[in-house]
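Only this structure's heavy atoms are used, side chains among them; waters, hydrogens and symmetry mates stay out. All figures in this text were calculated on a predicted structure; none of them were measured in a lab. Labels below follow one simple rule: chain letters A, B, ... track the order of the sequence lines, proteins then strands, and each chain is numbered from 1.
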Amino acid sequence: MEKLVNQFELGLFFWQMLIFIGLILLLRKFAWKPILESVNNREEGIRNALSSAEKAREEMVALQAKNEATLQEARMERDAMLKEAREIKEKMIADAKADASAEGAKMIEQAKAAINNEKNAAMAEIKAQVSSLSLEIAEKLLKEELSNKESQMKLVDKMLADAKLN
Amino acid sequence: MVLSRKSLTIIASLFISALSFAGIAQHEEHAASSPTQEAHAEAAHSDSHDTHAEPTDVRGKIKAHINHHVLDSHDFTLFSDEETGMHFGFPLPVILVDEGFHVFSSSKFHHGKEVAESNGKYYAINHHDGKIYRTDAQGTITNDAKGHPTNVHPLDLSITKSVLTILFTALLMFWIFTSLAKSYAKNNGIATGIGRFFEPLVVFIRDEIAIPNIGQKYHRKYMGYLLTIFFFILFLNLFGLTPLGINVTGNIAITFALAILTFLITTFTAKKDYWMHMFWMPGVPKPMRIILAPIELLGAFIKPFSLMIRLYANIFAGHIVLMSIIGLIFIFKSWIGSSLSFGLAFVLSILEILVAFLQAYIFTMLSALYFGSAVEEHHHDEAHH
């Protein structure tokens with residue numbers, strides 16, 4: 001301890017204090033203040049950049065989610081439309097089928113009616129012809145009978161054969 | 001560059017430790033080669049200052065050299081040649097306040113061998129402590145029983161080796177950090193050049209020393225002091241490891257100045273809570289408070305005192321140990337012993353670089369801790385202790 005006190009030199013202490021305090025004051029003004037400010041500014045800048053990047057990322061995620069939702073909606077809409085179209089198609093086909101069968105039935109009915117009519121008409125005509133033929137035969141027969149008995153018989157036979165063929 | 005960082009570090013350390021030997025090697029080589037001649041030279045000198053005889057054996061010379069090295073000096077000697085008595089270096093101005101100013105060059109002392117005369121007064125350098133005393137024309141220095149000179153010791157404001165180094169360090173720091181500050185403006189907020197190396201240290205002191213110990217709120221006003229003291233101690237510690245033979249931070253006057261600044265800043269920026277905790281500790285029984293007050297008060301002085309002694313002792317001891325081991329090379333003078341000493345000195349030099357950083361860090365860190373206690377705000381309640 002005594003050696004330490006002995007080693008102490010007031011002049012060196014004086015210079016050290018003078019130079020060191022001067023150095024502190026000068027560096028504070030010309031170095032530490034601008035350095036720390038610049039470092040702080042830069043850190044602030046980095047922090048801002050990071051937070052804005054984070055924000056952009058979040059926005060991006062939100063946008064993506066929104067896009068996804070829109071896409072999903074569109075897909076659902078499309079599905080619904082497709083379904084509807086399919087239903088319409090099936091309904092149309094069913095309708096058409098029903099219509100067609102109804103029409104067919106109607107046509108068959110008409111055809112049947114027409115056939116009946118034709119048949120009736122033909123029957124009526126046949127009846128008319130048969131009656132006229134019968135009258136003709138009867139007339140001719142009557143005429144023959146009046147001329148020749150034998151030939152009359154022959155004629156009747158022939159006519160009957162004809163009538164059978166008819 | 002092809003060199004890796006590791007190999008660069010090794011080369012740099014080799015260079016530094018090799019240089020450290022240069023000074024003492026020069027000194028010792030001649031001592032060993034011509035002991036008889038030296039004895040004659042010593043005999044010739046001894047009549048001018050009979051109170052002090054220089055040792056002539058290698059061990060004594062090494063011891064004297066180390067003792068001389070750790071003290072401040074009035075001239076800047078890089079190395080000296082004992083055979084011819086030549087000293088390579090330059091003299092420094094001596095400024096004495098002894099009934100008026102005495103300003104003269106230290107070359108007047110002829111490296112402590114002669115008495116300097118200034119304005120009718122005679123001064124001589126005492127070999128034991130390296131200080132200047134007022135003497136008579138013959139340079140008589142009378143010692144008391146304890147070996148301390150009884151001569152008048154004038155106020156010595158000389159620009160000594162340490163003062164010159166401090167001045168150089170201050171200018172270097174001013175240049176480095178103002179150029180760093182300017183480089184931000186030039187390069188869009190990013191440091192350039194040497195500032196790239198120092199900027200992380202500045203940020204480290206702010207983020208790892210100031211803010212954790214002082215707190216976000218008050219750290220800014222202490223930053224100037226903490227940064228200055230960190231780099232100041234670091235630079236001086238590192239200069240102490242160069243072969244220039246400087247020992248500034250291992251000088252008690254320097255560490256005293258640094259510690260007293262920490263003490264003064266702590267005391268004068270302390271808030272109410274600091275004094276409250278010192279003199280009337282809350283949360284303890286009243287009789288205990290009376291006992292605690294003097295202990296706390298003593299603690300306030302012991303803290304900067306420990307700062308002063310820690311830095312001084314670490315650097316001082318580092319220099320002594322390193323120089324002693326380098327000195328061993330010249331005592332052994334054998335192939336194995338000297339190589340071993342060299343290896344040991346090399347390893348120690350690297351360790352001393354670590355110590356240089358560590359001591360600067362510890363001083364700054366503890367200063368920040370004391371400032372932190374000065375501005376700390378407690379939320380008092382009875383449960384507080």
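Only the side chain of A:I19 comes within less than 4.5 Å of a heavy atom in chain B; its backbone stays farther off. Interface residue A:F8: backbone and side-chain heavy atoms are both found under 4.5 Å from chain B. Both the backbone and the side chain of B:T178 come within less than 4.5 Å of a heavy atom of chain A. Neither the backbone nor the side chain of B:K161 comes within less than 4.5 Å of any heavy atom of chain A. B:A191 touches chain A through its backbone: at least one of N, CA, C or O sits under 4.5 Å from a heavy atom, while the side chain does not. Only the side chain of A:E43 comes within less than 4.5 Å of a heavy atom of chain B; its backbone N, CA, C and O stay farther away. Heavy atoms closer than 4.5 Å to chain A are found in the backbone of B:S158, but not in its side chain. Within the 4.5 angstrom heavy-atom criterion, atoms from both the backbone and the side chain of A:K33 approach chain B. Heavy-atom distances place the side chain of B:I309, and not its backbone, under 4.5 Å from chain A.
Other residues, nucleotides and ligands contribute over 12 non-hydrogen atoms within 6.0 Å of the CD atom of A:E54. A 6.0 Å sphere centred on CZ of A:R28 holds no more than 12 heavy atoms belonging to other residues, nucleotides or ligands.
For residues 227-235 of chain B, the interface with chain A (any heavy-atom pair closer than 4.5 Å) comprises B:L227, B:T228, B:I229, B:F231, B:F232, sorted by residue number.
Legend: salt bridge (charged side-chain N to carboxylate O under 4.0 Å, His left out) pairs involving residues 63-75 of chain A, not counting sequence neighbours: none detected.
Taking both residues in full, the closest heavy atoms of B:R220 and A:W32 are given as NH2-O, 4.3 Å, listed atom of the first, atom of the second, then distance. Of all the heavy atoms in A:G11 and B:L155, the pair that sits closest is N-CD1, 4.4 Å. In plain terms, the two heavy atoms of B:A181 and A:A31 that are nearest each other are CB-O, 4.0 Å.
With 3.5 Å as the limit, one finds a donor-acceptor pair spanning the side chains of B:R206 and A:N40.
The residue among A:L10, A:I24, A:I21 with the most heavy atom pairs within less than 4.5 Å of chain B is A:I24. If you tally non-hydrogen atom pairs under 4.5 Å between each of A:L23, A:L25, A:L26, A:L12 and chain B, the highest count goes to A:L12.
Contact of the B:V203 side chain with the A:V39 side chain is registered, since non-hydrogen atoms from C-beta on lie closer than 4.5 Å. For the pair B:F177 and A:I35, the minimum side-chain heavy-atom distance is below 4.5 Å.
Note: A:F13 and B:F256 have tilted aromatic rings, judged against thresholds of 30 and 60 degrees for the angle between ring planes.
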